[in-house]
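To keep things clear, I will list the structure first and then write my remarks on it.
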Amino acid sequence: MLLKATGIAKFTVPIKGQCSKNNFYGSVEIEDKFSILEGQHSQLLKEILLINSEDTLKIFLEENHNTLHLIEVILFQRLRTNLEGSKTSDLMTRLARDMLESQLKAKGEVELINALPNCEISVTKEGKTGLILTQIASIYRSQPGLFDLGVYILNNKTKNEFIFSDSPVVFYNMAYKHIQDSGTLGLQSPGLLIFYPISIDKCILFIDEQKYIGEIIDNNFFDITNEFDVNSINKLQLHHSLDSVYFSETNNHKYIVKLWRQERNTFNKKYSTLVSYNEVINGEVQDNSKLLKSFAEQIPYDLKLSFIRPNEKNDKKIKRFRTKKLHDILQESRKDIKELREEVRNDK
């Protein structure tokens with residue numbers, strides 16, 4: 001294990017509890033249920049590890065329930081981490097601070113506004129747990145959002161192994177890396193890429209095939225022979241980690257430390273962007289009506305890969321969705337999620 005904060009390597013670390021600590025979900029009953037779910041996910045990943053050709057991968061994906069189950073694994077492994085909890089808490093804290101400041105300005109509370117920078121606003125442990133559970137509960141409604149992506153396996157043929165972090169599922173958007181004023185990492189965002197290393201020599205990759213070109217497209221079981229590509233994918237894991245990255249062989253720690261030294265000055269803990277702007281009604285700007293827009297930040301790493309690159313025909317501005325039908329399904333699911341959140345609040 002390599003500690004992100006210091007670059008120090010530790011060699012005898014139990015893997016259990018690294019991505020999420022004990023009582024992370026709030027109760028033993030929930031922990032037990034998720035343990036059963038993780039056992040099912042583990043079985044699916046074992047099946048994927050046995051895939052060794054394009055034909056066997058296609059046979060696996062021909063069963064729609066396999067694809068849906070894999071999407072479930074991707075979403076669960078993304079949401080169950082301490083990093084995701086930190087992202088959600090960071091956003092809620094910033095929203096709360098902005099809303100409080102707006103209310104104080106409306107009431108003319110100048111003294112309280114001036115004191116606000118010195119006030120600590122944070123989400124309670126129970127609140128963070130509730131937010132995480134609500135997100136996890138929405139997985140089954142969210143699965144259709146990724147169903148249009150191409151599913152690939154990267155087969156590592158280099159001497160450098162894939163590493164994984166305490167937040168191993170990485171959402172990235174190479175096609176729209178230049179977009180700074182809007183979200184590019186939503187389930188239906190055009191250009192979305194999802195990297196999930198599952199062993200030292202296999203990484204699952206989801207691709208929006210409409211936005212990329214390169215030798216990997218339609219070559220769903222792809223052999224990586226270029227060390228540069230493996231290094232780049234491993235750097236994604238370093239950037240997306242909260243505290244740690246993991247590797248299997250003790251003699252690989254010098255290689256991991258080298259990658260860490262190359263990237264350590266660009267690590268960023270800004271998880272989201274919050275934009276405030278005046279509401280527009282019937283073409284009229286409302287000076288006294290503010291709207292807040294939030295979106296997840298891309299990690300500060302300019303990913304380059306030899307086998308895939310953005311399509312030059314990509315739009316200068318990102319559209320709201322890839323597939324309207326799937327987008328509409330997600331919109332309906334968000335209504336259910338809002339109701340679920342209300343139920344959680346009422347239970348408390």
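If you read the sequence from its start, that first residue is 1, and numbering goes on from there.
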Item to check | Steps toward side-chain contact (heavy atoms from CB on, under 4.5 Å) verdict (Ile204, Val73) | outcome: CA-CA 11 Å; Ile204 296 169; Val73 173; over 6 Å; no
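Nearest heavy atom pair, residue Ser306 against residue Asp229, reads OG-OD2, 2.6 Å. For Ser232 against Leu305, the heavy-atom pair with the smallest separation is CB-CD2, 3.9 Å. The two residues Pro300 and His239 come nearest to each other via the heavy atoms O-CE1, 3.7 Å. Nearest heavy-atom pair across Gln237 and Ser167 is OE1-O, 4.3 Å. Across all their heavy atoms, Leu149 and Ile194 have their closest contact at CD1-CD1, 4.2 Å. In plain terms, the two heavy atoms of Ile318 and Ser182 that are nearest each other are CG2-OG, 4.2 Å.
No chain of hydrophobic side-chain contacts below 4.5 Å, direct or via other Ile, Leu, Val, Met, Phe, Trp or Tyr residues, connects Trp260 to Ile200. Side-chain heavy atoms closer than 4.5 Å link hydrophobic residues (I, L, V, M, F, W, Y) into clusters, and following such links, even through other members, never connects Ile179 to Phe321.
Within a 6.0 Å radius of CZ in Arg264, other residues, nucleotides and ligands contribute more than 12 heavy atoms.
Residue pairs meeting the side-chain hydrogen bond (donor to acceptor under 3.5 Å, both in side chains) criterion with at least one member in residues 187-204, sequence neighbours excluded, are Asp148-Gln188, Ser199-Asp201. For residues 213-227, the pairs satisfying side-chain hydrogen bond (donor to acceptor under 3.5 Å, both in side chains) are Asn155-Asp223, with sequence neighbours left out. Sorted by first and then second residue, the salt bridge (charged side-chain N to carboxylate O under 4.0 Å, His left out) pairs with a member in residues 61-70 form an empty list; sequence neighbours excluded. Sequence neighbours left out, the pairs with a member in residues 43-54 that pass side-chain hydrogen bond (donor to acceptor under 3.5 Å, both in side chains) are Ser53-Thr56. The stretch residues 122-156 participates, sequence neighbours left out, in no ring pair (Phe, Tyr, Trp, His ring centres under 6.0 Å) pair at all.
Within the 4.5 Å cutoff, side-chain heavy atoms of Leu44 are placed close to those of Asn66. Side-chain contact between Asn82 and Asp243 is absent, with no heavy atoms from C-beta onward closer than 4.5 Å. Contact annotation: the side chain of Ile233 never approaches that of Leu205 to less than 4.5 Å [non-hydrogen atoms, C-beta and beyond].
Between the side chain of Thr158 and the main chain of Asn160, a donor-acceptor pair closer than 3.5 Å is present. Under a 3.5 Å cut-off, the side chain of Glu161 and the backbone N or O of Ser248 do form a donor-acceptor pair. Using modelled atom types, no side-chain atom of Ser42 and backbone atom of Glu38 make a donor-acceptor pair closer than 3.5 Å. For the pair Arg322 (side chain) and Leu187 (backbone), a donor-acceptor distance under 3.5 Å is present. A donor-acceptor pair under 3.5 Å is absent between the side-chain atoms of Asn252 and the main chain of Ile256, judged by distance alone. Counting only distance, with no hydrogens or angles, the side chain of Asn311 and the backbone of Ile213 share no donor-acceptor pair below 3.5 Å.
Not counting sequence neighbours, the partners of Asp328 by the salt bridge (charged side-chain N to carboxylate O under 4.0 Å, His left out) test are Lys324. For the salt bridge (charged side-chain N to carboxylate O under 4.0 Å, His left out) test, residues two or more places apart in sequence or in another chain that qualify with Asp302 are Lys304. Here Lys159 pairs with nothing under the side-chain hydrogen bond (donor to acceptor under 3.5 Å, both in side chains) rule; sequence neighbours left out. The ring pair (Phe, Tyr, Trp, His ring centres under 6.0 Å) test applied to His69 returns His41, not counting sequence neighbours. For Thr6, the side chain to side chain contact (heavy atoms under 4.5 Å, CB included) test picks out Leu3, Ile8, with sequence neighbours left out. Among residues two or more places apart in sequence or in another chain, the salt bridge (charged side-chain N to carboxylate O under 4.0 Å, His left out) test is passed with Lys4 by none.
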Could you give the side-chain donor-acceptor pairs of residues 168-176 under 3.5 Å, partners two or more places apart or in another chain?
unit_1: Tyr172; atom_1: OH; unit_2: Tyr301; atom_2: O; d: 2.4
unit_1: Tyr172; atom_1: OH; unit_2: Leu303; atom_2: N; d: 2.9
unit_1: Asn173; atom_1: OD1; unit_2: Ala175; atom_2: N; d: 3.3
unit_1: Asn173; atom_1: OD1; unit_2: Tyr176; atom_2: N; d: 3.0
unit_1: Asn173; atom_1: ND2; unit_2: Thr184; atom_2: O; d: 2.9
unit_1: Asn173; atom_1: ND2; unit_2: Pro190; atom_2: O; d: 2.9
unit_1: Tyr176; atom_1: OH; unit_2: Lys211; atom_2: NZ; d: 3.3

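Counted by atom type alone, Asn268 and Glu297 present zero donor-acceptor pairs between their side chains at under 3.5 Å.
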